[in-house]
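Here the structure comes first, spelled out in structure tokens, and everything after it is commentary.
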There are 2 protein chains.
Amino acid sequence: MAASKGERTKERIVEVALELFREHGYDATTMRMVAEAAGVSLGNAYYYFASKDLLLQAFYREVHEAHVAAARPLLAAERTLVGRLRAVMLAKLEVIEPYHRFSALMFRSAADPESPLNPFHPAGDDIRREGEQLFAEALAGSSTKVPKALAAELPNLLWTYSMGIVLYWIHDRTEGRERTRKVIERTVELIASAIKLSSNPLLRPFQSKVLALVRDLQPLRE
Amino acid sequence: MAASKGERTKERIVEVALELFREHGYDATTMRMVAEAAGVSLGNAYYYFASKDLLLQAFYREVHEAHVAAARPLLAAERTLVGRLRAVMLAKLEVIEPYHRFSALMFRSAADPESPLNPFHPAGDDIRREGEQLFAEALAGSSTKVPKALAAELPNLLWTYSMGIVLYWIHDRTEGRERTRKVIERTVELIASAIKLSSNPLLRPFQSKVLALVRDLQPLRE
DNA sequence: GTCTATAACCGGATAGAC
DNA sequence: GTCTATCCGGTTATAGAC
């Protein structure tokens, strides 16, 4: 109850904003609508959120938290690597489905250098780190042994992969997102196969090249 | 010389717009500036370009054409697969370098479903098709034999890859884009290795799974 | 029917008074 | 912290000129 008046106002703004986003989408929701619905003036809304984009970040966080909440129970029931990856991805699909109508706009920041959704965005961003964390858990709890060198890079790679799936899903107009589901099924199988194959000595030189590349990619995150 | 008055006006608008983009970037260039520089009214500028984004498409086309022009002579001098891929990618880097300052804004459409730069954008778009064509040439002229099934999918995959490199480059603040250059070097080597490995019988089942996936990805392009 | 201009709208963002 | 008044730039409506 230590919430100051300001904190409560801020919370109220986020709340109505997310509701409006769900109802009308991001673009169709104006800052004026948000301000009015929250019972504050336009200028005052900007006092709390310096830009409309910052409100969108609140949306990402909500989606992320719903994703974690949806994925955990599924993970508890799966031991195979492929099953666990599938669970995480399908949970994501479930959570974002209500936003599909507006997804193009709401996820366009995925390519924006300033956005945490951008896979190349410099580190320090909570949402991406927590997303990677979820994949780390999916890997750690699986019955498949993942080589250590690979294990260090995989969460980050899988997070990037998941962003690619979201990008695909945005364009998927099929009933029940059938197409995206199929792509997820095929890709999680492939990823699991690739991880298992990676121990094969024939591929050793190839594998170490890939790892070296992946490690080189990182410093952009500073 | 059949250029009607309207065509000439349109051309003039594109011309000054690209110049202003180069000088100030996309966002800082206003439609009012473009109109004034082209010597037309604001409303008239909109008669020719229904949106600012359509002017940006003209920019993409120019960049693409410069890329092809820069890549062709390099390709003429390279026979190895790795050399040819490298040539195409480095030519790209050369061409886009002048826009690095503003790249975040100018390339943000890469994730926009409506943009031809989006790798998942439905087919029918010239620029992406021509980009794939360039990679098809790079492959066709190389000394490496590419399995037919793979050859059909590769141009499209390589184009997507090149978009990923651009996304990386956008975030690359290093001197001379050293980091991106290194990533290109490593990735073209990996790609060439992977193509060669793909003939290995041990990987046959893996390879066919990958190809099946890639083919499945396509129909989104309708 | 092709082209051009002026005025206005709309929504994100800011300034500055209280 | 809150407001009102404005700015600014993309976009549109619309009227008229060639």
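Naming: A, B, ... by sequence-line order, numbering from 1 per chain.
- Applying the side-chain hydrogen bond (donor to acceptor under 3.5 Å, both in side chains) test to A/Thr187 and every residue at least two apart in sequence or in another chain returns A/Tyr161.
- OP1 or OP2 of D/dG1 has not a single side-chain nitrogen or oxygen of A/Asn44 nearer than 4.0 Å.
- Applying the side-chain hydrogen bond (donor to acceptor under 3.5 Å, both in side chains) rule to B/Lys52 yields no partners; only residues at least two apart in sequence or on another chain are considered.
- The interatomic distance linking B/Arg12 (CZ) with C/dT4 (C1') rounds to 12 Å, in whole Å.
- The side-chain hydrogen bond (donor to acceptor under 3.5 Å, both in side chains) check on A/Ser142 picks up nothing, with sequence neighbours excluded.
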Original post:
How does protein contact run along nucleotides 13-18 of chain D, one letter per nucleotide 5' to 3', with B for base contact, S for sugar-phosphate only, - for none, heavy atoms under 4.0 Å?
Top reply: ------
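- In this structure, A/Tyr48 has no ring pair (Phe, Tyr, Trp, His ring centres under 6.0 Å) partners at least two apart in sequence or on a different chain.
- In this view, A/Ser162 satisfies the side-chain hydrogen bond (donor to acceptor under 3.5 Å, both in side chains) rule with no residue, not counting sequence neighbours.
- Within residues 46-54 of chain B, the residues approached by DNA chain C to less than 4.0 Å at the level of any non-hydrogen atom are B/Tyr47, B/Tyr48, in residue-number order.
- Atoms CZ (B/Arg8) and C1' (C/dC3) sit 13 Å apart, rounded to a whole Å.
- Going from atom CE of B/Met33 over to atom C1' of D/dG10 covers 14 Å, rounded to whole Å.
- For B/Phe135, there are no ring pair (Phe, Tyr, Trp, His ring centres under 6.0 Å) partners two or more places apart in sequence or in a different chain.
- Every residue meeting the ring pair (Phe, Tyr, Trp, His ring centres under 6.0 Å) condition with B/His100, not counting sequence neighbours, appears here in chain and number order: B/Trp169.
- With sequence neighbours left out, B/Phe102 forms a ring pair (Phe, Tyr, Trp, His ring centres under 6.0 Å) with no residue at all.
- Checked by atom type and distance alone, the side chain of B/Arg173 pairs as donor or acceptor with a backbone atom of B/Ile170 at under 3.5 Å.
- In this structure, of C/dA13, C/dA8, D/dT4, it is C/dA13 that holds the atom nearest to the side chain of A/Leu42.
- Listed by residue number, the members of residues 13-32 of chain A with any heavy atom below 4.0 angstrom from DNA chain D form an empty set.
- Using a 3.5 Å distance cut-off with no hydrogens or angles, the side chains of A/Asp53 and A/Ser51 do not pair a donor with an acceptor.
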Pairs of donor and acceptor atoms involving the side chains of residues 84-91 of chain B, under 3.5 Å and at least two apart or interchain, shall be tabulated with distances.
unit_1	atom_1	unit_2	atom_2	d
B/Arg84	NE	B/Ala138	O	2.7
B/Arg84	NH1	B/Leu75	O	3.0
B/Arg84	NH1	B/Glu78	O	2.8
B/Arg84	NH2	B/Glu137	O	3.0
B/Arg86	NE	B/Glu185	OE1	2.7
B/Arg86	NH2	B/Glu185	OE2	3.0

